[in-house]
Structures are given as C-alpha cells and as structure tokens.
There are 2 protein chains.
Amino acid sequence: MDADGIHGQLDTLILATLKRGEAHGYAIIAALRETSGEQLDLPSGTVYPALRRLERSGYVEGKWTQAGGRRRRVYAITAEGLIALAKGRADWLALREVMASVLGA
Amino acid sequence: MDADGIHGQLDTLILATLKRGEAHGYAIIAALRETSGEQLDLPSGTVYPALRRLERSGYVEGKWTQAGGRRRRVYAITAEGLIALAKGRADWLALREVMASVLGA
DNA sequence: CCTTGATATGTAGCGAGACTACATATAGCC
DNA sequence: GGCTATATGTAGTCTCGCTACATATCAAGG
C-alpha cells in the first residue's frame, strides 16, 4: 500500500509510532514499513509536512541532533499528542464499526 | 459520527448501499443512517456531489423518476461499480490490517 | 390559507490532506 | 569519482468532504 490508502489516518500512525519512543522522520518511515509488514511505504513528501503540521499543533516536539555529520530532526510525542492519539484511535474504532455494519461484518 | 470521519470511504459506503438495490440520494443518506445504527448522518452537500462523481466515473447510473410531483434521481450500481466496490472493500481491509499492526491489535 | 417540517436535489466556496516531482546534502562503499 | 543509502525539505496540484446556501414539492396543523 502506498500512502494514498491511509485516508486521514496518517497522524494517528505517526503518533502511534512516536509513542514507542522518539524518532526522526526517516526512522519513522522505516518503522512504519516494518511494523506494517512492508505494506506501508510512505514518501518523504507525505511524512515531513505531516511532522511539521503535528509540531505546529503541539502534538510533537522536534529538536535538531547531529549523527556523524548528518543532521536529524528528532521528534517526541507530547502530552497533548497522547490525547490526540487516544482520540485518533477512538475515531478509527468508530469508523471501523460503521464500515463493518455497512459492508457486512 | 459526522461525515468528516469517513476519510475516503464515502464512495465505498455509497456503492455498498446501492449494491442492495437502486436508490435516490435522500434514500441513500437514510439507509446509511440506519445501517450504521444512527452513527452516520451525511449532509446532502457531501452525498450529491459524490453521486455525480460516481456517475462520471461510470460506477453508477442515474435516471430521473417522478414520485407524486417530486422528482427523484434514482441511481443503480453498474458492473464497473461492482468492481470498484470490491476494490474499495479490499483497500479497506488492507488499511484495517495496517492500522491493527501499528496501533496494536 | 399559511406556516412549518419533512422530502428531495443541488451549487459555491473553502480548507485540509496527501500526492508527485524536485532540490539539497552527507556518508559509505566500490 | 560515482552510486546508493541516509536525511530533510519545498512547490504545486488534486481530490475530498465541509458549511452554507438556494430551490421546490408535499403533508400536517393551526
């Protein structure tokens, strides 16, 4: 699955990934590829703007780090981000139920 | 849930409804409200443009009918629409699996 | 008769989300 | 030197679903 199938769940996926520990954008992409069983392969043009959006919203905090000459922007989930994640999860479960009842369980 | 939680599943929901039998827009809204257990209440400004889009794509066919002075545009799903519905359902199942593995089953 | 609410369809304008394609830069390996 | 992986980001675009509005018929109640 490429990213055009995630339909509004991108923020929830990123926040869920960051809940396991802080990470930089490239690592988040790799982590999602792994945890999804190689099914998700998000383009940078999708993830980096999403991280900036999440930071603007106060759900994540980013800081610049250095790793052998390579600059990295490492993001950590905030308290507000945890609340947003809980809401995202609840919304997802609600959608799942609606889809199940309409598509047939 | 209002419609801002359906995230790209609108077409699939409408096609699934029409698979049970042809219907006009207002009836589709009512049917989705019912089958979802009153959880979905889609505004007309969401459903009618979606139906026109689906018709343009060849997934549904509309015809004008008369019901006691009230004009109705009744839509039926096409063969292509059934294929699109199958694809939409498969995409949904794939997303569901990805979400399950990332959020934790 | 008139008003209100349900039935019924639609448009206009807007904002958000995710895309593709591109641009930039470093590190490691051959 | 050149290729690949690592790493971040921008520009421009397209689709989707929203709110708010416009229109029209019909049924029920006052």
| request: For B:Arg89 and B:Thr12, work out which heavy atoms get closest and say how close. | output: N-CG2, 4.3 Å

| task | List the steps and the verdict of side chain to side chain contact (heavy atoms under 4.5 Å, CB included) for A:Val98 and B:Ser36. | result | CA-CA 5 Å; A:Val98 165; B:Ser36 72; 4.2 Å; yes

| message | If I take atom CG in residue A:Leu42 and atom C1' in nucleotide C:dA21, what distance separates them, rounded to the nearest angstrom? | response | 17 Å

| query | Among residues 62-85 of chain B, which contact DNA chain C at a heavy-atom distance under 4.0 Å? | reply | B:Trp64, B:Arg70, B:Arg71, B:Arg72, B:Arg73, B:Tyr75

| said: Give me the atom names and distance for the closest heavy-atom approach of B:Leu13 to B:Leu32. | reply: O-CD2, 4.0 Å

| field | Minimal non-hydrogen separation, B:Ser44 against B:Ile29, with atom names | value | CA-CD1, 4.2 Å

| query | Between atom CZ of B:Arg96 and atom CG of B:Leu103, what is the distance when rounded to the nearest 0.5 Å? | reply | 13.0 Å

| remark: Nearest heavy-atom contact between A:Val60 and A:Tyr75 is CG2-CD2, 3.7 Å

| note | Hits for side chain to side chain donor-acceptor pair (under 3.5 Å) against A:Glu55, two or more places apart or cross-chain, chain-then-number order -> A:Arg73

| said: I need the CD-C1' distance between B:Gln9 and C:dA18, as an integer number of Å. | reply: 15 Å

| query | How many Å lie between NE2 on B:His7 and C1' on C:dG15, as a whole number? | reply | 14 Å

| message | Tell me the closest heavy-atom pair linking A:Leu15 and A:Ala84, and the distance in Å. | response | CD1-CB, 4.1 Å

| Test salt bridge (Lys or Arg N to Asp or Glu O under 4.0 Å) applied to B:Arg52 - qualifying residues, sequence neighbours left out | none

| said: Please tell me whether A:Ile83 and A:Ile77 are part of a single hydrophobic cluster in this structure, the criterion being side-chain heavy atoms less than 4.5 Å apart. | reply: no

| task | Let me know, please, whether A:Gly45 or B:Leu10 comes out on the 5' side of the other along DNA chain D by nearest nucleotide. | result | A:Gly45

| query | Looking at DNA chain C, which of residues 15-35 of chain B put a heavy atom within less than 4.0 Å of it? | reply | B:His24, B:Gly25, B:Tyr26

| Does any residue of residues 47-56 of chain B have a heavy atom under 4.0 Å from DNA chain D, and if so, which ones, in number order? | B:Arg53

| said: Measure CD1/B:Ile14 against P/C:dT9 and give the value in whole Å, please. | reply: 12 Å

| query | Hey, quick one: are A:Val74 and A:Leu82 part of the same hydrophobic cluster, counting side-chain heavy atoms closer than 4.5 Å, chains of contacts allowed? | reply | no

Got a list of protein N/O to nucleotides 22-24 of chain C N/O distances below 3.5 Å?
none

| Minimum heavy-atom distance A:Arg53-A:Leu10, with the two atoms named | NH2-CD2, 4.3 Å

| remark: Taken to the nearest whole Å, CG/B:Asp91 to C1'/C:dA18 is 15 Å

| message | When you measure from the side chain of A:Thr78 to the backbone of A:Gly58, do you find a donor-acceptor pair of N or O atoms at a distance under 3.5 Å? | response | yes

